[in-house]
Amino acid sequence: TEYKTSIPSFISDESVLSQRFDGENLKDEMKIESSFEMVRHGSGSDLRETRIKNLVNGRAPKNQKVTPPFSFNGGFTNVITFTEDNCVDYRFAEAPSNVNPIVVLVFRKPLSMNLPPACSAQIFERKAFIEPKTFQVSRLEKTVQDVKMVGIVGHLPFVHMPSSNNVLSFSVDYMPVELGGKTFWLTKSVTADLKDKNKPIRLHYEAHYSNYHRFTSTVKILPAEPGDAQN
């Protein structure tokens with residue numbers, strides 16, 4: 001909530017790699033370099049993501065209508081949803097041992113048959129890696145099965161695409177970024193993979209972000225020239 005209500009509008013560099021595999025063979029690939037913008041509308045938490053594609057496979061695109069083999073959206077505003085939910089099971093997991101240990105929170109759909117009627121039967125698991133000093137999320141991981149293929153299409157005709165019998169996994173890494181004198185934990189990288197359970201088809205997506213700065217404009221008011229007041 002604090003993130004959505006306090007972060008200013010900003011712009012950053014976005015580098016995307018989108019791929020489609022058939023087994024181990026790379027069938028389709030697209031690389032996109034963009035200017036990514038997060039713009040605040042109104043005084044609430046309405047944040048809108050837009051991007052201007054500067055290069056597609058190393059060349060300036062003829063227009064902004066580009067369809068990569070696989071896209072993943074929501075790495076900024078729509079991924080973190082830590083809310084109380086009777087349909088999921090929250091628990092602490094063993095944190096990995098390293099120089100700077102972090103707390104790992106795992107929550108997943110319970111497999112019990114005593115779920116409320118409104119709960120989905122879809123199986124998923126999510127992990128949140130939390131910095132113990134700042135309590136900021138440094139990394140998110142999620143795996144979900146049998147995702148509906150709405151909006152997932154190939155940009156080449158007659159290509160095989162994953163069915164609804166699949167496994168989607170994604171991760172988001174965050175880093176501290178200073179904007180307007182305040183530190184926010186913003187997306188550093190996003191990785192997503194979609195695999196078909198029945199066919200050797202895999203879609204891969206990764207995006208990297210850098211060069212964060214506020215999206216602002218400067219207005220300079222100069223004193224009037226003599227005589228302007230009379231005119």
side-chain contact (heavy atoms from CB on, under 4.5 Å) between Ser35 and Asn54, worked out:
CA-CA 7 Å; Ser35 297; Asn54 301 316; 3.1 Å; yes

Salt bridge or not for [X] and [Y], using N-O below 4.0 Å?
X	Y	value
Lys197	Asp146	yes
Asp173	Arg139	yes
Arg202	Asp193	yes

Checking [X] side chain against [Y] main chain: does a donor-acceptor pair fall under 3.5 Å?
X	Y	answer
Asp196	Ser163	yes
Tyr212	Thr187	yes
Arg40	Ile7	yes

Any donor-acceptor N or O pair under 3.5 Å, side chains Gln19, Glu29
yes

Would you say the side-chain atoms of Asn198 and Asn165 include a donor-acceptor pair closer than 3.5 Å?
yes

Chi angles and distances behind the salt bridge (Lys or Arg N to Asp or Glu O under 4.0 Å) call for Glu37, Arg51
CA-CA 6 Å; Glu37 297 179 5; Arg51 55 182 46 81; over 6 Å; no

Mind checking whether [X] and [Y] sit in one hydrophobic cluster, side chains of I, L, V, M, F, W, Y counted as touching below 4.5 Å?
X	Y	answer
Phe72	Val167	no
Val190	Val144	yes
Leu17	Leu194	no

Please name all residues satisfying side-chain hydrogen bond (donor to acceptor under 3.5 Å, both in side chains) with Ser15, sequence neighbours left out, ordered by chain then number.
Glu33

Would you say that more than 12 heavy atoms from the other residues, nucleotides or ligands in this model lie under 6.0 Å from the NZ of Lys127, or not?
no

If you round to the nearest 0.5 Å, how far is [atom2] of [Y] from [atom1] of [X]?
X	Y	atom1	atom2	answer
Arg48	Ser9	CZ	OG	11.0 Å
Met38	Thr50	CE	OG1	9.0 Å
Glu131	Tyr174	CD	OH	13.5 Å
Lys65	Lys53	NZ	NZ	11.5 Å
Thr183	Met175	OG1	CE	12.0 Å
Lys31	Glu206	NZ	CD	9.5 Å

Show your working on side-chain contact (heavy atoms from CB on, under 4.5 Å) between Lys195 and Ile201 and close with a plain yes or no.
CA-CA 6 Å; Lys195 301 178 181 179; Ile201 299 174; over 6 Å; no

Could you go step by step and tell me if Val147 and Phe124 meet the side-chain contact (heavy atoms from CB on, under 4.5 Å) rule?
CA-CA 10 Å; Val147 179; Phe124 72 82; over 6 Å; no

Looking at side-chain heavy atoms only, is the closest gap between Tyr205 and Leu203 below 4.5 Å?
no

Hey, can you tell me if Phe10 and Phe36 have their rings parallel, tilted or perpendicular (30° and 60° cut-offs)?
tilted

Could you give me the CA-CA distance, side-chain angles and deciding distance for Trp185 and Ser138, then say whether side-chain contact (heavy atoms from CB on, under 4.5 Å) is met?
CA-CA 8 Å; Trp185 285 66; Ser138 61; 4.0 Å; yes

Which heavy-atom pair separates Pro69 from Asp28 by the least distance, and what is that distance?
CG-OD2, 3.4 Å

